[in-house]
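Since the structure comes first, as structure tokens, the remarks are kept for the end.
Note that the coordinates shown come from a computational prediction; the quantities given were computed from them, not determined experimentally. By convention in this document, chain letters (A, B, ...) are assigned in the order of the sequence lines, proteins followed by strands, and residues within each chain are numbered from 1.
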Number of protein chains: 2
Amino acid sequence: MNIGKAAKLSNLTIKTVRYYANIGLVKPEQNTSSGYREYNDEEVAKLKFIGKARKFDFSIDECKELLSLYEDKNRTSKEVKKITLEKISQIDSKLNDLKDLRNELSFLASNCHGDDKPNCPILDELSKN
Amino acid sequence: MNIGKAAKLSNLTIKTVRYYANIGLVKPEQNTSSGYREYNDEEVAKLKFIGKARKFDFSIDECKELLSLYEDKNRTSKEVKKITLEKISQIDSKLNDLKDLRNELSFLASNCHGDDKPNCPILDELSKN
DNA sequence: TATATACTTTCCCCTTAGGGTAGAGTAAAG
DNA sequence: CTTTACTCTACCCTAAGGGGAAAGTATATA
């Protein structure tokens, strides 16, 4: 099938599918006469796999790693779990940062009257030495 | 003072300070004979202000807005509070997304034995139709 | 004064993960 | 045979700078 159908089946944009071909993530055969990429079901399955992994916040490099584990019949579940736990830990760290940030901003906002007067604790804090 | 000192005083890198000059965020005088940028205390104060706002996750465009409010003696605290509350709401939305993601990944990981066998619910989920 | 060292300048490429568009070629339908 | 739909490559764009080259400027030392 052509790229349009592969994109539709995998719920990705054509641009994305072409990008994955260019970086060697999912490389289909290329019709020699037309130059069109030709996808088969297996490649569509990989595209779907990557699409899901991307939604789980895995980077392209991590997707590459997961995909190679996915294709390796001898891989252990230990290897996959390790990557997943690392991702969870990254997410936890991001969560903590965002929570701290939210607390500080929320504190500033609650101290700001938000009226028509110029006095503003938010700007005061930002301009503090 | 030259850019190196301004960077040191504002706890930013020279690259960053130069970038802010290029995009017109903090534009110092430029010595006509040497071509060196010349910062004064007020500009350093703005750099510090921006540095803090960036730490609070405000984008460059938002910093530009906050900076103009900061410089406007007639601005109301309402205007500043509005931007801050929007930022908080953006952060909340990011927090929710990350929490959902964490839950799903954590569920997958907890169902994965993580041993030397190939069976892996994580990959199963990623390759599900 | 000459030189060594430190500082600064502009310029260009690089990062993530594609998006947008142009111009040209190919395939399928009427 | 023409129109329409599809695909190709190639180029520039994103946010917020980082890295480094080549060249000019300023300052400290011999």
Side-chain angles (χ1 to χ4, degrees), chain A residues 1-40 43-44 46-67 87 90-91 94 97 101, chain B residues 1-40 43-44 46-67 87 90-91 94 97 101:
Chain A
M1 73 190 85
N2 287 341
I3 197 170
K5 192 171 177 192
K8 187 152 291 178
L9 288 178
S10 56
N11 287 313
L12 299 174
T13 68
I14 291 185
K15 268 288 188 184
T16 298
V17 175
R18 203 175 275 138
Y19 174 67
Y20 291 167
N22 286 336
I23 64 173
L25 193 51
V26 178
K27 254 179 135 60
E29 292 292 315
Q30 208 143 359
N31 184 308
T32 43
S33 74
S34 71
Y36 285 14
R37 293 176 179 81
E38 295 189 336
Y39 288 84
N40 57 33
E43 283 149 355
V44 169
K46 287 187 198 174
L47 289 173
K48 285 185 187 173
F49 179 93
I50 295 164
K52 280 213 174 189
R54 293 283 300 134
K55 281 191 187 163
F56 280 111
D57 210 36
F58 289 103
S59 72
I60 294 287
D61 272 353
E62 287 165 334
C63 287
K64 203 173 286 189
E65 203 173 352
L66 287 172
L67 196 57
K87 175 57 60 181
Q90 286 172 28
I91 292 176
K94 243 193 251 180
D97 289 351
L101 205 54
Chain B
M1 73 190 88
N2 287 341
I3 196 170
K5 192 171 178 192
K8 186 151 292 176
L9 287 179
S10 56
N11 287 313
L12 300 174
T13 69
I14 290 184
K15 271 287 188 185
T16 298
V17 175
R18 203 174 276 136
Y19 175 67
Y20 292 167
N22 287 336
I23 63 174
L25 193 52
V26 177
K27 256 181 135 57
E29 292 291 314
Q30 208 144 359
N31 184 308
T32 43
S33 74
S34 71
Y36 284 16
R37 294 176 179 82
E38 295 189 337
Y39 290 83
N40 57 35
E43 282 147 356
V44 169
K46 287 187 197 174
L47 289 173
K48 284 185 186 173
F49 179 93
I50 295 164
K52 279 212 174 187
R54 293 283 302 135
K55 281 192 185 160
F56 280 111
D57 211 34
F58 289 103
S59 71
I60 294 287
D61 272 353
E62 289 165 332
C63 286
K64 204 173 286 190
E65 203 172 352
L66 286 172
L67 196 57
K87 175 57 61 181
Q90 286 173 27
I91 292 176
K94 243 193 247 178
D97 289 352
L101 205 54

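Between the CE atom of A/Met1 and the C1' atom of D/dA5 there is a distance of 19 Å, rounded to whole Å. Straight-line distance from the NZ atom of A/Lys15 to the P atom of D/dA10: 12 Å, rounded to whole Å.
Using a 4.0 Å cut-off, no side-chain N or O of A/Arg18 falls inside it from OP1 or OP2 of D/dT7. Residue A/Gln30 places none of its side-chain N or O atoms closer than 4.0 Å to OP1 or OP2 of C/dT26. Using a 4.0 Å cut-off, some side-chain N or O of A/Thr13 falls inside it from OP1 or OP2 of C/dG19. The side chain of A/Thr16 places an N or O atom within less than 4.0 Å of a non-bridging phosphate oxygen (OP1 or OP2) of C/dG19. Between A/Tyr20 and C/dG18 there is a side-chain polar atom (N or O) within less than 4.0 angstrom of OP1 or OP2. Contact between the side-chain N/O atoms of A/Arg37 and the OP1/OP2 oxygens of D/dT9 is found at a separation under 4.0 Å.
In terms of polar N and O atoms assigned as donor or acceptor, the side chain of B/Tyr36 comes within less than 3.5 Å of the base of D/dT25 in a complementary pairing. Donor-acceptor pairing under 3.5 Å, judged by distance alone, is absent between the side chain of B/Tyr19 and the base of D/dG18.
Of the candidate nucleotides D/dT25, C/dA17, C/dG19, C/dA17 has the atom lying nearest to any side-chain atom of A/Ile60.
For the atom pair CG (A/Leu9) and NZ (A/Lys48), the distance works out to 6.5 Å, reported to the nearest 0.5 Å.
As judged by a 4.0 angstrom heavy-atom cut-off over every strand, B/Ile23 is placed among residues making no nucleic acid contact.
Proximity of a side-chain donor or acceptor of B/Lys87 to a complementary backbone N or O of B/Asp57 within less than 3.5 Å is detected. Using modelled atom types, no side-chain atom of A/Lys46 and backbone atom of A/Leu67 make a donor-acceptor pair closer than 3.5 Å.
Smallest separation of non-hydrogen atoms from B/Gly51 and B/Leu12: CA-CD2, 4.2 Å.
Residue order along DNA chain D, read from the 5' end via each residue's closest nucleotide, puts B/Arg54 first among B/Arg54 and B/Asn31. Summary of the strand contacts: B/Ile14 and A/Ser34 both lie near DNA chain D, and taking for each the nucleotide with the nearest heavy atom, the more 5' one is attributed to A/Ser34.
Among B/Leu47, B/Val44, B/Asn22, B/Val26, the single residue meeting the side-chain contact (heavy atoms from CB on, under 4.5 Å) criterion with B/Val17 is B/Leu47.
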